[in-house]
Amino acid sequence: MENTIEISINGKSFRLNRGIKASDTLKESGLYKDSIIAVKVNGNLSDLSEPLEEDCTLEPIDINSPEGEEILRHSASHIMAQAVIHIFGDVKYAIGPAIEDGFYYDFDLEHKFTPEDLSKIEEEMQRITSEDLRFEKRVLSKDEAITFFAEKGQDYKVEIIKDIVEDSVAIYTQGDFVDLCRGPHIPSTGYLKNFKLLSLAGAYWRGDERNKMLQRIYGTAFATKEGLEGYLNFLEEAKRRDHRRIGKELDLFSINEDLGPGLILWHPKGAMIRKVIEDFWREEHVKRGYQLVNTPHIARVEVWKTSGHWDFYRENMFSPMEVDKGAYMVKPMNCPFHIMIYKSQTRSYRELPIRYAELGTVYRYEKAGVLHGLLRVRGFTQDDAHLFVQPEYLEEEIMSVVEFARFMITTFGFDKYNVYLSTRPEKYVGTIENWELATNSLSAALETLKIDYKVDPGEGVFYGPKIDIKLVDAIRREWQGPTIQVDFNLPERFDVTYVGQDGREHRPIMIHRVVLGSLERFFGTLIEQYAGAFPLWLSPVQVKVVPVTNKHIEYANSVRKILLEAGIRIEVDDRNEKVNAKIRDAELEKVPYILVVGDKEILDHSVSVRKRKEGNLGPMPLDTFLEMIRGKISRKVID
RNA sequence: GCCCAUGUAGCUCAGUAGGUAGAGCGCAUCCUUGGUAAGGAUGAGGUCACCAGUUCGAUUCUGGUCGUGGGCUCCA
């Protein structure tokens, strides 16, 4: 065996001694920098201290790269665990991975963490990083590792090792702390400079609610101070945009605990926005060949047995209510009702596709702990539609639905979105063949449209796979938006048919879809997207008239009358306040346009225009102003 | 549902080592008539989430219930 090996780095190759450390290799090749914290050996992540035994390709990983930051965060979780043990002693540690934008570690201990503990732990982490302890890797056989952790009473680690298929496992030591870990890690604890512990949470061991609940600490770490500060600012910004806070401030909606959690009260301003959304939604549906329908909120339990909801969805449904001798249930979905309309007469292939659309309010029992503002509620209105199509037109129909959804969300200002394809879940109805057919038609449609998508395995609904479109908002967060589901099962369960060209009965395929999601959730997303400063066409109050003094109220009202008749949503602030105060309040209300009117404006029948956030635009004839905003409203301009 | 935190005026929050409470904003009235982000004065608002218990006395302590927040599990 030769005692040198060939190592190629960035396309150059070096012949070096067998067993050389990765870090020394980089130094030999002149590529070493302090910011390099790990390497990839033939594409596999590895420590800088890893000895190289074979010919290989080496790729340095910089702490500033996404992979480098992930390693940093993972190491931060180890350091946090070490700090927790230093402070609290008898601790069982479970898992501590890096996650998007941070890391966490799950602990099992007697002491209940308090928010004050976080700063103590942070201080101890700071001390550990100042000691600059090396991360040292050792490889043990599974048995050795089990004995090792069992002796330390680390039951969770033992359980994890037992599930590992390889014969050996790696452990990492820094100072007095040892953890089971695949690695790699930063070379030493001193590399961790910019971090912060963020929150406490309960988390089930292995994410299973039958298991013990552990205590989780979330934190984050970044390569640079700027990165950390940027992220903390992002969290602040998210708080500022919180739809629950803005909903209260702008008087858009509320949730009343006496009425019940998860039930939304749409206040006048929120309801006005909803009306604008609904009007637009209906118009666009009619344009695209949908027929609007309306259906009741309850139905006999037998219907839900036929549909499969009774067996597969009951835990999400409110309990049945006794009516005469039968039982009725509040609907969690609109599909059976639309099916009944379809079945009210014999359908010919000439009628297909039939597209029924309804803003259908549904009720779902959600566990108390999951309710969240407008985003997770117990009663909501789906912007629902069910399409009955012939199998040969399925893909075409899916494509037009996807296009429709894209049109809707971009009109509302969501130019970026991510697409996911959710496949068969554990609990499902129907045959595997039909599931495959349905899944394939969804993916084929996306591919024909050249839309990139990711697969979400097992995330489909019980009756079919779906395409989820997640909106990306102004600060790059994802929100659940449109979903499109293909369903072979309900048509069979309800024996839905059409008469084909051949005079025989055939089975249509159903598409369930929403192009916004639910009005509640979509509204919440809109509030966060715009931080309450809605585009002109959506604003509940589009124009606020501010008379300079009481003498000008009459003129202000005449301006209001003219614009109101032109279809503009307008209010006059006739309070006994100074101009400055009225302007300030209108700005805080996020009204898009403020019209200041006084003596000057009365003289030449004009208005002084002030645009939200931009300030005074100067005087303008009233007609000109009206023309301008009418144009913007009809084009649904977002500015 | 589970873990932790939390619930005081319409809103944001102080406070009471157990003796039924306060600020700012908002609201009402009056004064002020002011040209692009807060003019002034006076006043009205609270069963201190709810139900039990301890106590001479509970908003404060204990237990429970409900709600809310951050997570877990689960979803439009």
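The chains referred to below are lettered A, B, ... by the order of the sequence lines, with proteins before strands, and numbering in each begins at 1. Note that the structure is a prediction, hence the values are computed from the model and not measured. Every heavy atom of this structure was used, including side-chain atoms; hydrogens, water molecules and symmetry mates were not.
Comparing B/C56 with B/G18, their C1' atoms are spaced 12 Å from each other, to the whole Å. Comparing B/A17 with B/U60, their C1' atoms sit 10 Å apart, to the nearest whole Å. The separation of B/G71 from B/U54, taken at their P atoms, amounts to 41 Å, rounded to a whole angstrom. As rounded to the nearest Å, B/C11 and B/A37 have P atoms that lie 30 Å from one another. B/C4 sits 48 Å from B/U36 when the C1' atoms are compared, rounded to a whole Å. With P as the reference atom, B/C3 and B/A44 are 46 Å apart, rounded to whole Å. The separation of B/A52 from B/U47, taken at their C1' atoms, amounts to 16 Å, rounded to a whole angstrom. Atom P of B/G19 sits at a distance of 11 Å from the matching atom of B/C61, rounded to the whole Å.
In terms of phosphate contacts, A/Tyr363 brings no side-chain nitrogen or oxygen within less than 4.0 Å of OP1 or OP2 of B/C75. Within the structure, every side-chain polar atom (N or O) of A/Lys613 is placed at least 4.0 Å from both OP1 and OP2 of B/A37. Contact annotation: A/Arg610 reaches the phosphate of B/A37 (side-chain N/O to OP1 or OP2, under 4.0 Å). For A/Arg575 and B/U29, the shortest distance from a side-chain N or O to OP1 or OP2 is not below 4.0 Å. Here A/Arg244 reaches the OP1 or OP2 of B/G69: one of its side-chain N or O atoms lies under 4.0 Å away. The phosphate of B/C75 has neither OP1 nor OP2 within less than 4.0 Å of any side-chain N or O from A/His372. Regarding contacts with the backbone of B/G1, every side-chain N or O of A/Tyr204 stays at 4.0 angstrom or more from both OP1 and OP2. The phosphate of B/U12 has OP1 or OP2 within less than 4.0 Å of a side-chain N or O from A/Lys248.
Rounded to whole angstrom, the span from the CG atom of A/Asp251 across to the C1' atom of B/C11 amounts to 11 Å. Summarising the geometry, the separation between NZ on A/Lys590 and P on B/A37 is reported as 16 Å, rounded to the nearest angstrom. One interatomic measurement links the two molecules: CG of A/Leu588 to C1' of B/C11, which rounds to 14 Å at whole-angstrom precision. Between the C1' atom of B/A37 and the CD atom of A/Glu577 lies a distance of 13 Å, rounded to the nearest Å. In this structure, A/Gln485 places its CD atom 9 Å from C1' of B/A76, rounding to the nearest Å. In this structure, the CZ atom of A/Phe113 is 18 Å from the P atom of B/G71, given to the nearest Å. When the P atom of B/A76 is taken as reference, atom CZ of A/Phe462 falls 11 Å away, rounded to whole Å. Atom C1' of nucleotide B/G35 and atom CG of A/Asp599 are separated by 10 Å, given to the nearest angstrom.
Residue A/Gly598 is classed as a base contact, given a heavy-atom separation below 4.0 Å to a base. Within 4.0 Å of A/Ser608, counting heavy atoms only, lies at least one base atom of the nucleic acid. Among the protein residues, A/Val370 comes within range of the nucleic acid bases, having at least one heavy atom under 4.0 Å from a base atom. Within the 4.0 angstrom heavy-atom criterion, base atoms lie near A/Arg521. Residue A/Glu116 is out of contact with every strand shown, counting any heavy-atom pair closer than 4.0 Å. Contact annotation for A/Lys466: backbone-only contact, meaning every heavy-atom pair under 4.0 Å involves sugar-phosphate atoms and none involves a base. Note on A/Val546: nothing from the nucleic acid sits closer than 4.0 angstrom, heavy atoms only. Residue A/Gly517 is classed as a sugar-phosphate contact, given heavy-atom separations below 4.0 Å to backbone atoms only. At a threshold of 4.0 angstrom between heavy atoms, the contacts of A/Tyr218 are confined to the sugar-phosphate backbone, with no base atom among them. As judged by a 4.0 angstrom heavy-atom cut-off over every strand, A/Glu587 is placed among the base-contacting residues. Using a 4.0 Å heavy-atom cutoff across all strands shown, A/Lys367 reaches at least one base atom of the nucleic acid.
Across every strand in view, B/A52 sits in a pair with B/U62 that passes the Watson-Crick or G-U test at under 3.5 angstrom. Summarising the base pairing, B/G57 is matched to no nucleotide, lacking a Watson-Crick or G-U wobble pair whose two defining distances lie under 3.5 Å. Base pairing of B/G69: its partner is B/C4, meeting the Watson-Crick or G-U wobble criterion (both donor-acceptor distances under 3.5 Å). Nucleotide B/U20 forms no Watson-Crick or G-U wobble pair with any nucleotide shown, as no partner meets the under 3.5 Å limit on both distances. Remark: B/U42 base-pairs with B/A28; criterion is Watson-Crick or G-U wobble with both hydrogen-bond distances under 3.5 Å. Figure legend. B/A14 is base-paired to no nucleotide; pairs are counted as Watson-Crick or G-U wobble with both atom distances under 3.5 Å.
Proximity note for A/Ala581 (side chain, C-beta onward) versus B/G35, B/G71, B/G39: the nearest is B/G39. Of the candidates B/A37, B/C3, B/A38, B/A37 carries the atom nearest the A/Ile583 side chain, counting heavy atoms from C-beta on. Closest to the side chain of A/Glu366, out of B/G35, B/C74, B/A37, is B/C74. Of the candidate nucleotides B/U36, B/G1, B/C3, B/G1 has the atom lying nearest to any side-chain atom of A/Tyr365. Which of B/C75, B/G34, B/G71 sits closest to the side chain of A/Met213 comes down to B/G71.
Nearest-nucleotide assignment on RNA chain B puts the 5′-proximal partner with A/Glu209, out of A/Leu375 and A/Glu209. In terms of position on RNA chain B, the residue among A/Gln215 and A/Asn550 whose nearest nucleotide sits closer to the 5' end is A/Gln215.
For the residue pair A/Thr549 and A/His552, a side-chain donor N or O sits within less than 3.5 Å of a side-chain acceptor on the partner. Between the side chains of A/His386 and A/Asn334, not a single donor N or O lies within less than 3.5 Å of an accepting N or O. When only modelled atom types and interatomic distance are considered, A/Lys331 and A/Thr361 share no side-chain donor-acceptor pair under 3.5 Å. Side chain to side chain, A/Glu459 and A/Thr423 fail the donor-acceptor criterion of an N or O pair below 3.5 Å. A donor-acceptor pair shorter than 3.5 Å cannot be found between the side chains of A/Tyr290 and A/Arg282. Using a 3.5 Å distance cut-off with no hydrogens or angles, the side chains of A/His111 and A/Asp117 do pair a donor with an acceptor.
Listed for the A/Gln215 side chain is a donor-acceptor partner under 3.5 Å among the backbone atoms of A/Phe113.
In terms of polar N and O atoms assigned as donor or acceptor, the side chain of A/Arg376 comes within less than 3.5 Å of the base of B/C74 in a complementary pairing.
Counting non-hydrogen atoms of other residues, nucleotides and ligands closer than 6.0 Å to NZ of A/Lys611 gives a total above 12. When the shell of 6.0 Å around CD of A/Glu478 is examined, it contains more than 12 heavy atoms from other residues, nucleotides or ligands.
Shown here, B/G45 is classed syn by the O4'-C1'-N9-C4 or O4'-C1'-N1-C2 angle, which is within 90° of 0.
Aromatic ring centroids of A/Tyr463 and A/Phe312 lie 6.0 Å or more apart.
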